[in-house]
Engineer: 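The structure follows.
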Amino acid sequence: MRRLIILVLVAMCVGCASTHNLNEGPNALGGGVQTAQVKPGLYSIYVRTNWAPWSNYSGARSVWTKTAESYCGKAGYQEIGISETDYDTGKPGPLPYIVTQRDGHALCNNAETSMEQALAYLGAKPK
């Protein structure tokens, strides 16, 4: 019973979405956020959850959204080229080692860069 409780507690901790800054280096549990300003008001945002025995799309979306909001503030933003995936890293053990990720760009509504300029720069197609 004790092992089961420990396993559940560990699974709860590792399954969370992480706000660790991947620009500063890796996180022991795998998750984190990597960002870069591509053009004024246009940000590349990559979010990866900590490993878990399940997919965590809502966690990845939540951290991605909070990151975009932290850059764009009350002006808001538009999403460009969003990709969401999950994969089993194949690490050995009794449980899957799944990482969920969300990748794309946030264009702040008050950016100097227009949507057309951002799409052209990124080589993306409008929706």
Side-chain angles (χ1 to χ4, degrees):
M1 182 65 163
R2 186 177 191 187
R3 285 185 182 194
L4 179 60
I5 292 171
I6 291 171
L7 182 62
V8 169
L9 290 174
V10 169
M12 287 173 57
C13 290
V14 299
C16 301
S18 174
T19 57
H20 172 77
N21 185 350
L22 293 172
N23 293 331
E24 296 175 357
N27 175 2
L29 296 176
V33 180
Q34 187 170 24
T35 62
Q37 181 171 305
V38 178
K39 291 181 84 54
L42 177 62
Y43 299 91
S44 170
I45 304 173
Y46 169 74
V47 172
R48 184 171 65 212
T49 63
N50 292 335
W51 67 270
W54 56 82
S55 299
N56 186 1
Y57 286 97
S58 64
R61 285 182 199 122
S62 175
V63 172
W64 197 99
T65 298
K66 287 178 184 173
T67 303
E69 289 172 348
S70 74
Y71 282 114
C72 298
K74 293 184 181 193
Y77 62 91
Q78 297 174 66
E79 298 178 354
I80 302 173
I82 300 297
S83 170
E84 295 181 318
T85 58
D86 66 53
Y87 60 93
D88 186 341
T89 63
K91 301 230 184 220
L95 298 172
Y97 197 89
I98 297 172
V99 171
T100 307
Q101 53 192 35
R102 188 171 210 260
D103 190 18
H105 293 83
L107 176 62
C108 299
N109 290 336
N110 62 355
E112 297 173 16
T113 305
S114 71
M115 177 59 82
E116 292 75 25
Q117 291 170 326
L119 291 171
Y121 185 81
L122 298 172
K125 296 183 180 170
K127 291 183 180 180

Engineer: How many angstroms lie between atom CZ of R61 and atom CD of E79, to the nearest 0.5 angstrom?
Structural biologist: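 Spacing of CZ (R61) from CD (E79) equals 10.0 Å.
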Engineer: I need the S114 OG to L119 CG distance, nearest 0.5 Å.
Structural biologist: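 One gets 8.0 Å once the value is rounded to the nearest 0.5 Å.
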Engineer: Could you tell me whether a side-chain N or O of T67 sits under 3.5 Å from a main-chain N or O of V63, the two making a donor and an acceptor?
Structural biologist: yes
Engineer: Measuring from H105:NE2 to Y46:OH, what's the distance to the nearest 0.5 Å?
Structural biologist: 14.0 Å
Engineer: Please confirm whether the backbone N or O of T49 pairs with a side-chain atom of T100, one donor and one acceptor, at under 3.5 Å?
Structural biologist: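 Not at all, since once roles are kept as given, no pair shorter than 3.5 Å links the two residues.
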Engineer: How about Q37: does its CD atom have over 12 heavy atoms from other parts shown lying under 6.0 Å from it?
Structural biologist: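 Correct, the count exceeds 12.
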Engineer: When you look at W54 and I98, which way does the side chain to side chain contact (heavy atoms under 4.5 Å, CB included) test go after all the steps?
Structural biologist: CA-CA 6 Å; W54 56 82; I98 297 172; 5.5 Å; no
Engineer: Just checking Y121: does its OH atom have more than 12 heavy atoms from other residues, nucleotides or ligands closer to it than 6.0 angstrom?
Structural biologist: no
Engineer: How long is the gap from CZ on R48 to CG on N56, to the nearest 0.5 Å?
Structural biologist: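 CG of N56 is found 14.0 Å from CZ of R48.
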Engineer: Run the side chain to side chain contact (heavy atoms under 4.5 Å, CB included) check on E112 and Q117 step by step: do they pass?
Structural biologist: CA-CA 10 Å; E112 297 173 16; Q117 291 170 326; over 6 Å; no
Engineer: Can Y57 and R102 be said to form a side chain to side chain contact (heavy atoms under 4.5 Å, CB included), step by step?
Structural biologist: CA-CA 8 Å; Y57 286 97; R102 188 171 210 260; over 6 Å; no
Engineer: Between the main-chain N or O of P40 and the side-chain N or O of T113, is there a donor-acceptor pair closer than 3.5 Å?
Structural biologist: yes
Engineer: So does S83 get a backbone contact from the side chain of D103, meaning a donor-acceptor N/O pair under 3.5 Å?
Structural biologist: no
Engineer: Where do Y97 and D88 land on the side chain to side chain contact (heavy atoms under 4.5 Å, CB included) test, with the steps shown first?
Structural biologist: CA-CA 5 Å; Y97 197 89; D88 186 341; 3.9 Å; yes
Engineer: Please find the pair of heavy atoms, one from I45 and one from A106, that lie closest to each other, and give the distance.
Structural biologist: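 Looks like CD1-CB, 4.0 Å.
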Engineer: Mind listing the closest non-hydrogen atom pair of I80 and A118 along with its distance?
Structural biologist: CD1-CB, 3.9 Å
Engineer: Can you name the residues that form a ring-ring contact (aromatic ring centres under 6.0 Å, His included) with Y71, not counting sequence neighbours?
Structural biologist: Y43
